[in-house]
There are 2 protein chains.
Amino acid sequence: MSRISQLQLEQVKKCSATFVLAVNDTMNVINGKWKLPIVGSLLFGKKRFKELERDIPKITPRMLSKELKDLEMNGIVTRTVYDSIPVTVEYELTKSGESFKRVLDVMVEWGLQHRKSAMGNMK
Amino acid sequence: MSRISQLQLEQVKKCSATFVLAVNDTMNVINGKWKLPIVGSLLFGKKRFKELERDIPKITPRMLSKELKDLEMNGIVTRTVYDSIPVTVEYELTKSGESFKRVLDVMVEWGLQHRKSAMGNMK
DNA sequence: TATAGCACTATACTTTAGTATAGTAGTTAC
DNA sequence: GTAACTACTATACTAAAGTATAGTGCTATA
């Protein structure tokens with residue numbers, strides 16, 4: 001009936017399950033309206049809360065705070081509190097966070113190509 | 001005051017605006033709960049509506065129909081109606097849609113690496 | 001004393017996304 | 001005639017995501 005054995009099928013299943021997990025992890029960095037702008041801004045260097053707020057138009061402090069917590073939990077961003085007066089807090093990408101640039105790069109690349117070929121199909 | 005000229009600043013802005021558009025285009029393929037599963041399934045070859053429904057656990061026909069329309073509009077998927085009896089409809093990835101595999105690949109790659117380094121940080 | 005800056009939090013609300021359930025219109029098989 | 005298959009659509013609902021607005025506790029400056 002089938003060309004592949006039961007064992008092979010199990011292996012394929014395990015493999016694709018791992019892939020799904022990996023893709024989901026990636027999605028956690030980019031889902032929602034504000035995560036990509038935040039990561040994008042932090043790719044230019046560490047920033048304070050207010051700096052990010054000014055960098056990202058229309059974001060509310062509630063959303064910024066929420067998404068930063070999320071990114072911190074997912075190991076994308078670190079939060080450092082300095083006991084200066086008043087306190088300053090710095091947000092910085094982790095190594096994983098920085099390496100996300102590679103993903104962004106292919107997203108840009110694909111997006112540009114897709115735009116080009118979509119234009120081609122309209123003519 | 002600043003190290004770069006006004007002209008240079010304008011160029012940077014234009015460039016980053018293009019990048020934002022490109023990334024947004026990419027996001028349109030992957031946002032929501034069901035687009036990635038659909039594209040993922042179609043990467044294994046063209047499928048009929050019911051086949052996709054069976055392939056993707058828990059998806060409702062409403063969502064499948066909606067997301068397929070969305071993907072069609074965005075030039076990721078083509079819809080072909082055959083006037084057999086009863087009608088059969090086939091969904092297939094466009095060239096752009098197929099090339100999206102590259103993006104998925106780096107997403108998997110990054111996700112796997114991120115998982116590894118996150119584990120490392122826990123120990 | 002008033003105003004402003006920093007780094008948020010709280011509450012209430014609206015909007016968007018997704019679900020549940022049923023139904024349409026055709027054909028084929030029992 | 002009734003059940004099942006295909007490819008959906010319609011309506012009503014819930015859940016999740018995001019917004020608006022105000023407020024906290026601190027300090028520094030005018």
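Note on naming: letters A, B, ... go to the chains in the order of the sequence lines (proteins, then strands), and numbering restarts at 1 for each one.
- Positionally, the nearest nucleotide of DNA chain D for B:Ser65 lies more toward the 5' end than for the other of A:Ile85 and B:Ser65.
- Computed from coordinates, the A:Phe49 CZ to D:dC26 C1' distance equals 16 Å when rounded to whole Å.
- Judged purely by atom type and a 3.5 angstrom limit, A:Thr78 has no side-chain atom pairing as donor or acceptor with the backbone of A:Thr94.
- For the pair B:Glu51 CD and D:dT6 C1', the interatomic distance rounds to 11 Å; values are reported in whole Å.
- When heavy atoms are screened at a 4.0 angstrom cut-off, B:Tyr82 is found touching no nucleic acid atom at all.
- Spacing between atom CD of A:Glu72 and atom C1' of C:dC8 amounts to 14 Å, rounded to whole angstrom units.
- Among the nucleotides D:dT19, C:dG5, C:dG18, the one closest to any side-chain atom of A:Trp34 is D:dT19.
- With D:dT19, D:dT6, D:dC8 as the choices, the nucleotide that has an atom nearest any side-chain atom of B:Val89 turns out to be D:dC8.
- Both B:Asn31 and A:Tyr91 sit near DNA chain C, but only A:Tyr91 has its closest nucleotide nearer the 5' end.
- The CD-P distance, from A:Glu53 to C:dT9, rounds to 12 Å in whole Å.
- Between the CZ atom of B:Arg54 and the P atom of D:dC8 there is a distance of 14 Å, given to the nearest Å.
- Mapped onto DNA chain C by nearest heavy atom, A:Arg62 and B:Gly32 fall at different nucleotides, with A:Arg62 at the one closer to the 5' end.
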What do the steps show when you test B:Val29 against B:Phe100 for side-chain contact (heavy atoms from CB on, under 4.5 Å), and what is the final call? CA-CA 9 Å; B:Val29 187; B:Phe100 193 78; 4.0 Å; yes
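- With rounding to whole Å, A:Met63 atom CE is found 17 Å from C:dC13 atom P.
- Within the 4.0 Å cut-off from OP1 or OP2 of D:dT9, at least one side-chain nitrogen or oxygen of B:Lys69 is found.
- A:Tyr91 is listed as a side-chain neighbour of A:Arg79, based on a closest heavy-atom distance under 4.5 Å.
- The side chain of A:Pro86 lies closest to C:dG5, out of D:dT6, C:dG5, C:dT19.
- Each of A:Pro61 and A:Lys58 was matched to the nucleotide of DNA chain D holding its nearest heavy atom; the match closer to the 5' end belongs to A:Lys58.
- The closest donor-acceptor contact from the side chain of A:His114 to the backbone of B:Asn74 lies under 3.5 Å.
- For A:Leu64 and D:dA20, the CG to P distance is 15 Å, given to the nearest whole Å.
- Counting heavy atoms from C-beta outward, B:Leu112 and A:Thr18 have side chains that approach closer than 4.5 Å.
- If you check C:dT9, D:dT6, D:dG18 against the side chain of A:Lys33, the one that comes closest is D:dG18.
- In this structure, CD1 of A:Ile59 is placed 10 Å from P of D:dG18, rounded to the nearest angstrom.
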